[in-house]
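Report on one structure; see the data block that follows.
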Amino acid sequence: MADNSACNPDLIIAHKFPDTTYAHTERDVAVYALGVGACGRDAVDTDELKYVYHENGQQFIKVLPTFSTLFSLRGLPQLSGVPGLRFDKRLLLHGQQYIEIHKPLPSNASILNKTTIAGFHDKGKAAILELETRSYEKESGELLTLNRTSVFLRGAGGFSDPSKPFTYSNYPVNPASAMKIPKTQPSAVFEDCTQPPQALLYRLSGDYNPLHSDPMIAKVAGFSRPILHGLCTLGFAVRAIIKCICRGDPDMVKSIFARFLLHVYPGEALITEMWLEGLRVIYQVKAKERNRAVLSGYVDLHRLAASL
């Protein structure tokens, strides 16, 4: 068992990650779109075919904004090398994800990622670590996206004075992250169904955590079978919002916030409820079979669709 008393927050927040590169092609973009359910119910859906096919050539396919979460994947495996950080990687949970889209994502690019520790918090029995990844188009140097990933490290807390627990953030904490789901009728509701091999397809985009593919590891973690990646569920939700609120235009998405609440089993139906408040869409995703909320958050838009 890790010696959690040795957690040294000063060493942790001073750590500098090496820059990483991520090269992707139109094939990666299409495989990702299929992994988050695009065209899963209708192979010629006019709102979604553009994510996997374009009549003038694959270089013209559109990129879902959540594709950018793949850029930040490289940071998590590096956590074991952070000086002063003691945790059991089997007890790591993905808590939240925040994404800013600064420019529509190209279908073929080489990306330069700069990752920093954006926050570290002692929660007693656990610690919360926040990683911020800024992703630049390597050739032009333009900032494309920002991803802030929040991970919950069970068993890694208790390293500071309980009466004044350690907390650090290098960004203004957004009170909107404490937003509540409205009690009113949703502006739109969209039902979609994940497929039994959904996690096996999604993992081809680079997240090979065996929790999503190996039945034995899933059982050790307390699940009856492998579960769906949280970021895959987020992909389903944002795709539903683009379809219902943005009328199929992914470039309307400005930023995304997600809080992961509960696991999803591949094959379950997902119901995404959406409330439009100004230029913000508050959303909640439920697993239909269990009637349990699995994901909630908001999507901020640049503008509203003309037909709304």
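Note that the numbering runs from 1 along the sequence shown for the chain.
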Can you see which heavy atom on [X] is nearest to which on [Y], and at what distance?
X      : Y      : answer
Lys219 : Ser224 : NZ-O, 3.7 Å
Pro65  : Pro250 : CD-CB, 4.0 Å
Pro165 : Asp122 : CB-O, 3.6 Å
Leu304 : Gly278 : CD2-O, 3.7 Å
Ser72  : Thr133 : CB-OG1, 3.7 Å
Leu211 : Ala221 : CD1-CB, 3.7 Å

Once you round to the nearest 0.5 Å, how far does [atom1] of [X] lie from [atom2] of [Y]?
X      : Y      : atom1 : atom2 : value
Ile99  : Leu234 : CD1   : CG    : 5.5 Å
Ile13  : Glu130 : CD1   : CD    : 12.5 Å
Phe236 : Thr66  : CZ    : OG1   : 11.0 Å
Phe71  : Tyr22  : CZ    : OH    : 6.5 Å
Ser150 : Phe260 : OG    : CZ    : 10.0 Å
Asp19  : Lys114 : CG    : NZ    : 3.5 Å

Would you say [X]'s side chain and [Y]'s backbone share a donor-acceptor pair under 3.5 angstrom?
X      : Y      : value
His263 : Gly230 : no
Asp28  : Thr25  : yes
Arg247 : Ala305 : no
Trp275 : Thr184 : yes
Lys50  : Gly248 : yes
His229 : Asp207 : yes
Ser169 : Tyr171 : no

Review point. Pick one: which of Val264, Val285, Leu262 meets side-chain contact (heavy atoms from CB on, under 4.5 Å) with Arg292?
Key: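 Testing each of Val264, Val285, Leu262 against Arg292, the sole residue satisfying side-chain contact (heavy atoms from CB on, under 4.5 Å) is Leu262.
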
[X]-[Y] co-clustered via ILVMFWY side chain contacts under 4.5 Å:
X      : Y      : value
Tyr53  : Leu201 : yes
Leu276 : Met274 : yes
Phe87  : Ile117 : yes
Val253 : Leu279 : yes
Ile128 : Leu93  : yes

Review point. Passes side chain to side chain contact (heavy atoms under 4.5 Å, CB included), Leu131 versus Val151? Steps please.
Key: CA-CA 8 Å; Leu131 295 178; Val151 291; 5.8 Å; no

Heavy-atom distance under 4.5 Å between the side chains of [X] and [Y], does that happen here?
X      : Y      : value
Val299 : Ile242 : no
Leu144 : Pro106 : yes
Leu270 : Thr194 : yes
Leu301 : Arg280 : no
Leu129 : Ile12  : yes
Ile61  : Tyr51  : no
Leu261 : Leu295 : no
Val281 : Tyr298 : no

Scan side-chain atoms only and decide if [X] and [Y] contain a donor-acceptor pair under the 3.5 Å cut-off.
X      : Y      : value
Tyr265 : Glu289 : no
Tyr98  : Gln96  : no
Gln97  : Asn147 : yes
Asn113 : Ser135 : yes
Gln59  : Glu26  : no

Salt-bridge test for [X] and [Y]: reply yes if a basic N is under 4.0 Å from a carboxylate O, no otherwise.
X      : Y      : result
Arg134 : Glu132 : yes
Glu268 : Arg290 : yes
Glu48  : Arg239 : yes
Lys62  : Asp251 : yes
Lys103 : Glu137 : yes
Glu191 : Lys288 : yes

Exercise for review: Could you give me the CA-CA distance, side-chain angles and deciding distance for Tyr168 and Asp10, then say whether side chain to side chain contact (heavy atoms under 4.5 Å, CB included) is met?
Suggested key: CA-CA 10 Å; Tyr168 161 80; Asp10 294 328; over 6 Å; no

Review point. Does the pair Thr69 and Phe67 meet the rule for a side chain to side chain contact (heavy atoms under 4.5 Å, CB included), with working shown?
Key: CA-CA 5 Å; Thr69 58; Phe67 180 77; over 6 Å; no

Exercise for review: Check each of Asp42, Asp249, Asp45, Asp192 against Lys243 using the salt bridge (Lys or Arg N to Asp or Glu O under 4.0 Å) test, and report the only one that passes.
Suggested key: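 Among Asp42, Asp249, Asp45, Asp192, the one meeting salt bridge (Lys or Arg N to Asp or Glu O under 4.0 Å) with Lys243 is Asp45.
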
Review point. Is the Lys NZ or Arg CZ of Arg203 less than 6.0 Å from the centre of Tyr208's six-membered ring, within 45° of the axis?
Key: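 Relative to the ring axis of Tyr208, which defines the angle, Arg203 lies outside at least one limit.
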
Within the 6.0 Å centroid threshold, strictly below: [X] and [Y]:
X      : Y      : result
Phe166 : His121 : no
His212 : Tyr202 : no
Phe159 : Phe120 : yes

Practice item. Decide yes or no on side chain to side chain contact (heavy atoms under 4.5 Å, CB included) for Gln198 and Leu200, but give the supporting numbers first. Key: CA-CA 5 Å; Gln198 199 74 54; Leu200 299 178; over 6 Å; no

